[in-house]
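Everything below concerns the one structure shown next.
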Protein chains: 2
Amino acid sequence: MTEAPSEGMTISAAAEASGLSVDTLRYYEKEGLTLHRPERSSSGQRRYTEQNVAWLGTLVMLRRTGMPIRDIKKFVELYRVDGSEADRLAILEAHRRHVIEELAEVQTHLEAINRKIDYYNEKVMGR
Amino acid sequence: MTEAPSEGMTISAAAEASGLSVDTLRYYEKEGLTLHRPERSSSGQRRYTEQNVAWLGTLVMLRRTGMPIRDIKKFVELYRVDGSEADRLAILEAHRRHVIEELAEVQTHLEAINRKIDYYNEKVMGR
DNA sequence: ATGACCCTTGGAGCGCGCTCCAGGTCAAGC
DNA sequence: GCTTGACCTGGAGCGCGCTCCAAGGGTCAT
């Protein structure tokens, strides 16, 4: 909570705020996943704005729903293309379909797990 | 559908039935994930029984819900321990909790994706 | 000015889960 | 008897997503 240097948060603060590790933040940046690169302090350290951190949230959202790094990269690159909104929308919609399918499959397997648990409950507790 | 050799299905048939690849089947066996190793034909080829294939289904269920190979291995090993039903049940219940948490998280992210899609729909279609 | 601490970079390393390959055996069909 | 094709083994290789490391710099408190 010691903010004064110039402005914006340090990489460790951004890491904590996003739930990612410092190494992952640098890795994502290197991979071209950042919408805007964070500014640098006079001594060359990254300074994250609220906007930067908000985008990290989007990255987390995409990663945790299973979008591969390379696909995220393509998505980000579209932000640099004027009038690519429809393309970005299409990617998001395709991803949404994918996520929904994944969820459905996992839920099906979850039901199988439940049945197996029920079976063990009968077996173990004789009930 | 050409079954005659001795009995049970070949590895490729088991692969197709389980949705896994032939290589993965051999890999799982090597890793000790099989409940019972498939019998071998006179020439040393694997012959899968319905039971073998049913267990593959369990492996798929555990894997696709995110259980790591090493944890599945521990789970399988308990089948060789008499009276380990309660332990196996505990593992399944812990896994179920984990899966449910995962589902909840993904669903939360899915809602964020939906909001982003809505945003683009307004932006792109002006509606 | 010494030490602590956080930051920088480029690049190596790693755990996971397969996936592929070489070299060989076997059974069946022509 | 020869080819074809599915199978075998041990082990190497790979794509992914980080994660760690070495070597160094800046800032600050003591």
Side-chain angles (χ1 to χ4, degrees), chain A residues 1-34 37-48 52 56 58-76 98 102, chain B residues 1-34 37-48 52-53 56 58-76 98 102 109:
Chain A
M1 299 294 175
T2 319
E3 291 306 311
S6 56
E7 61 172 313
M9 47 177 95
T10 63
I11 193 167
S12 59
E16 188 162 357
S18 64
L20 296 168
S21 76
V22 166
D23 279 322
T24 299
L25 254 47
R26 284 193 282 244
Y27 167 68
Y28 283 179
E29 188 179 329
K30 206 186 306 191
E31 289 298 304
L33 266 47
T34 51
R37 297 198 146 196
E39 300 287 310
R40 299 301 181 111
S41 71
S42 56
S43 63
Q45 295 187 359
R46 291 172 182 79
R47 289 293 178 265
Y48 290 79
N52 291 146
L56 293 178
T58 302
L59 292 181
V60 168
M61 168 189 95
L62 295 175
R63 281 295 302 126
R64 294 256 47 208
T65 50
M67 187 181 283
I69 299 284
R70 100 186 71 87
D71 292 1
I72 298 181
K73 189 173 181 176
K74 284 179 202 151
F75 180 64
V76 178
H98 181 77
E102 277 282 299
Chain B
M1 299 293 179
T2 318
E3 292 305 312
S6 56
E7 62 172 311
M9 46 177 96
T10 64
I11 193 167
S12 59
E16 189 162 356
S18 64
L20 297 168
S21 77
V22 167
D23 279 322
T24 299
L25 255 47
R26 284 193 281 245
Y27 166 68
Y28 282 0
E29 188 180 328
K30 207 187 302 193
E31 290 297 305
L33 266 48
T34 52
R37 298 198 143 196
E39 300 286 309
R40 297 302 181 109
S41 72
S42 56
S43 63
Q45 294 188 1
R46 292 172 181 77
R47 289 294 177 264
Y48 290 79
N52 291 146
V53 174
L56 293 179
T58 301
L59 292 182
V60 168
M61 167 190 96
L62 295 175
R63 282 295 300 128
R64 294 256 49 210
T65 49
M67 187 182 284
I69 299 284
R70 100 186 72 84
D71 291 2
I72 299 181
K73 190 172 182 180
K74 285 179 204 154
F75 180 64
V76 177
H98 180 77
E102 278 282 298
H109 288 310

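Lettering of chains follows the sequences in order, A, B, ..., and the numbering in each one begins at 1.
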message: Are A:Leu62 and B:His109 packed together at the side-chain level, in the sense that at least one heavy-atom pair is separated by less than 4.5 angstrom?
response: no
message: Let me confirm one number: the OH-CD distance from B:Tyr48 to B:Glu7, rounded to the nearest 0.5 Å.
response: 15.0 Å
task: List in numerical order all residues of residues 24-34 of chain B for which some heavy atom is under 4.0 Å away from an atom belonging to DNA chain C.
output: B:Thr24, B:Tyr27, B:Tyr28
statement: Rounded to the nearest 0.5 angstrom, the CD1-CG distance for A:Ile11 and A:Asn52 is 11.0 Å
Between CG on residue B:Leu33 and CZ on residue B:Phe75, distance to nearest 0.5 Å: 11.0 Å
message: Suppose we screen for side-chain hydrogen bond (donor to acceptor under 3.5 Å, both in side chains). Which residues come up paired with B:Arg64, at least two apart in sequence or across chains?
response: A:Glu102, A:Glu105
Nearest-0.5 Å distance that lies between atom CZ in B:Arg63 and atom OG1 in B:Thr58: 14.0 Å
message: Give me the atom names and distance for the closest heavy-atom approach of B:Gly32 to B:Val76.
response: O-CG1, 3.9 Å
task: Can you check each nucleotide of nucleotides 24-30 of chain C against protein heavy atoms at under 4.0 Å and return B for base, S for sugar-phosphate only, - for none, in 5' to 3' order?
output: --SS---
task: Please collect all salt bridge (Lys or Arg N to Asp or Glu O under 4.0 Å) contacts where either partner lies in residues 8-22 of chain B, sequence neighbours excluded, each pair once.
output: none
task: Output the residues of residues 62-71 of chain A in contact with DNA chain D, where contact means a heavy atom of the residue under 4.0 Å from an atom of the strand; sort by number or write none.
output: A:Arg63, A:Pro68, A:Ile69, A:Arg70
field: Test side-chain hydrogen bond (donor to acceptor under 3.5 Å, both in side chains) applied to A:Thr65 - qualifying residues, sequence neighbours left out
entry: A:His95
Closest contact, heavy atoms only, A:Gly44 versus A:Arg40: O-NH1, 2.8 Å
Nearest-nucleotide comparison on DNA chain C, the residue closer to the 5′ end among A:Gly44 and B:Ser21: A:Gly44
message: What range of DNA chain D does chain B touch, first nucleotide to last, counting atoms under 4.0 Å from its heavy atoms?
response: D:dC7 to D:dG11
- prompt: Does A:Arg47 make a side-chain N or O approach to OP1 or OP2 of C:dT8 shorter than 4.0 Å?
  reply: no
Whole-Å distance separating the OH atom of A:Tyr48 from the P atom of C:dC6: 16 Å
Heavy-atom closest pair, residues B:Gly8 and B:Arg47: O-CD, 3.8 Å
Please list, one pair per line, the donor and acceptor atoms closer than 3.5 Å that link side chains of residues 24-31 of chain A to other protein atoms, with sequence neighbours excluded.
{"residue": "A:Thr24", "atom": "OG1", "partner": "A:Ser21", "partner atom": "OG", "Å": "2.8"}
{"residue": "A:Glu29", "atom": "OE1", "partner": "A:Arg46", "partner atom": "NE", "Å": "2.7"}

- request: With sequence neighbours excluded, tell me which residues meet salt bridge (Lys or Arg N to Asp or Glu O under 4.0 Å) with A:Lys74.
  value: A:Asp71
